[in-house]
Structures are given as structure tokens and as C-alpha cells.
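Each remark here refers to the structure printed beneath this line.
The shown structure was predicted, so the numbers you read here are calculated from the model rather than taken from an experiment. Just so it is clear, the values below take in all heavy atoms, side chains as well, and ignore hydrogens, waters and symmetry mates.
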Amino acid sequence: MEKILISACLVGDKVRYDGQNNRSPLIEQLLEKYELVPFCPEVEGGLSIPRLPNEIKGEKVYNKKGVDVTHAFINGAEKALNLCSYLNIRIAILKEKSPSCGTHQIYDGSFTSRLINGEGITTKKLKEKGISVYSEDEIPLLLQK
């Protein structure tokens with residue numbers, strides 16, 4: 001069974017910045033076709049649960065108090081890539097809008113809930129190495145394969 005890296009919040013782990021999850025209603029269907037490997041790059045990169053919201057501004061990631069936390073995001077992205085390499089994972093499903101996992105949209109860095117086109121730090125790193133990255137909204141595409 002093919003392995004897929006998936007944002008841990010999407011399988012129900014309470015790893016979001018606010019200690020909640022974003023469990024997808026399609027997890028059971030995914031488990032029928034794929035072996036899911038849950039991973040939270042923000043937590044694995046060293047950030048706590050809960051934590052302040054974080055957004056990308058330019059080439060850096062800042063928390064809501066203006067502290068540069070880019071190092072934690074880069075660390076988490078590198079760990080995600082290492083895991084994919086070790087387990088020969090070629091597909092990832094990541095949480096849209098996240099500064100780590102956003103696949104098509106991220107928040108603009110102003111902490112005003114304004115979305116812009118862009119990718120999270122982990123998404124960029126995985127795509128650079130040829131890993132296909134989908135958002136949770138694209139899970140039906142994977143279920144059709």
C-alpha cells in the first residue's frame with residue numbers, strides 16, 4: 001500500500017496552533033487506499049501546542065507578537081522531507097492556508113485573515129524534491145486514482 005504524508009491535524013491530532021484539529025471526513029476512505037503517515041512540521045520543528053498564530057511575510061515566518069520563528073518552520077520542513085525520503089513517500093496531503101502546509105493559499109502576514117496565493121514552507125520544500133502535494137480539498141482526486 002502506498003504511503004502518504006498527511007498533516008497530523010487532518011487525521012484528528014490536536015496539533016493546530018490553538019490545540020484543536022482539522023479532521024477530514026475523508027480519512028477513512030483514504031485509509032482504504034493508502035497508508036497514512038501523520039506529521040506536523042510545526043510541532044516537529046519545535047513549536048508548542050498551543051502556540052501563537054504564525055504567518056509568512058516575505059521570506060520569514062513571524063508569530064502574532066512579531067517574533068521571527070522561521071527556524072522552526074525550516075526545521076520542520078527538513079524533517080518532513082527526511083521522513084518522505086526515508087519511507088519513499090511521493091505524495092503529501094497538507095493543510096491549506098497554513099504557513100507550513102498551505103498548498104495554494106496562505107495568510108498574507110498581516111494577521112487580518114487576508115489570504116494570498118502562496119505555499120507554506122514545508123510544501124515548497126517537498127515540491128522542490130519532486131513530491132506531489134495536495135490540499136485537504138483535493139483528497140477526492142486521490143480517492144479517484
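By the 6.0 Å contact criterion, NZ on K127 is enclosed, its count of non-hydrogen atoms from other residues, nucleotides or ligands being greater than 12. Atom CD of E28 is surrounded by more than 12 heavy atoms from other residues, nucleotides or ligands within 6.0 Å.
Paired with N22 under the rule side-chain hydrogen bond (donor to acceptor under 3.5 Å, both in side chains), one option of K97, E136, R16 passes, and it is R16. Among K79, K95, R51, the one residue that satisfies the salt bridge (Lys or Arg N to Asp or Glu O under 4.0 Å) test with E42 is R51.
Residues N88 and K3 have side chains not in contact (no heavy-atom distance under 4.5 Å, counting atoms from C-beta outward). Proximity of L5 to I131: side-chain heavy atoms (C-beta onward) are nowhere separated by under 4.5 Å. No side-chain heavy atom of E119 sits under 4.5 Å from any side-chain heavy atom of I106. V43 places none of its side-chain heavy atoms less than 4.5 Å from the side chain of D13.
The minimum heavy-atom distance linking P99 with V61 is given by the pair CB-CG1, 4.4 Å. Here the closest heavy-atom approach between residue C84 and residue L126 is recorded as SG-CD2, 4.1 Å. When all heavy atoms are compared, the tightest approach of L142 to K33 is O-NZ, 3.8 Å.
Under the 4.5 Å side-chain heavy-atom criterion for Ile, Leu, Val, Met, Phe, Trp and Tyr, L83 and L94 are members of the same hydrophobic cluster. By the criterion of side-chain heavy atoms lying less than 4.5 angstrom apart, applied directly or through intervening Ile, Leu, Val, Met, Phe, Trp or Tyr residues, I27 is grouped together with I4 in one hydrophobic cluster.
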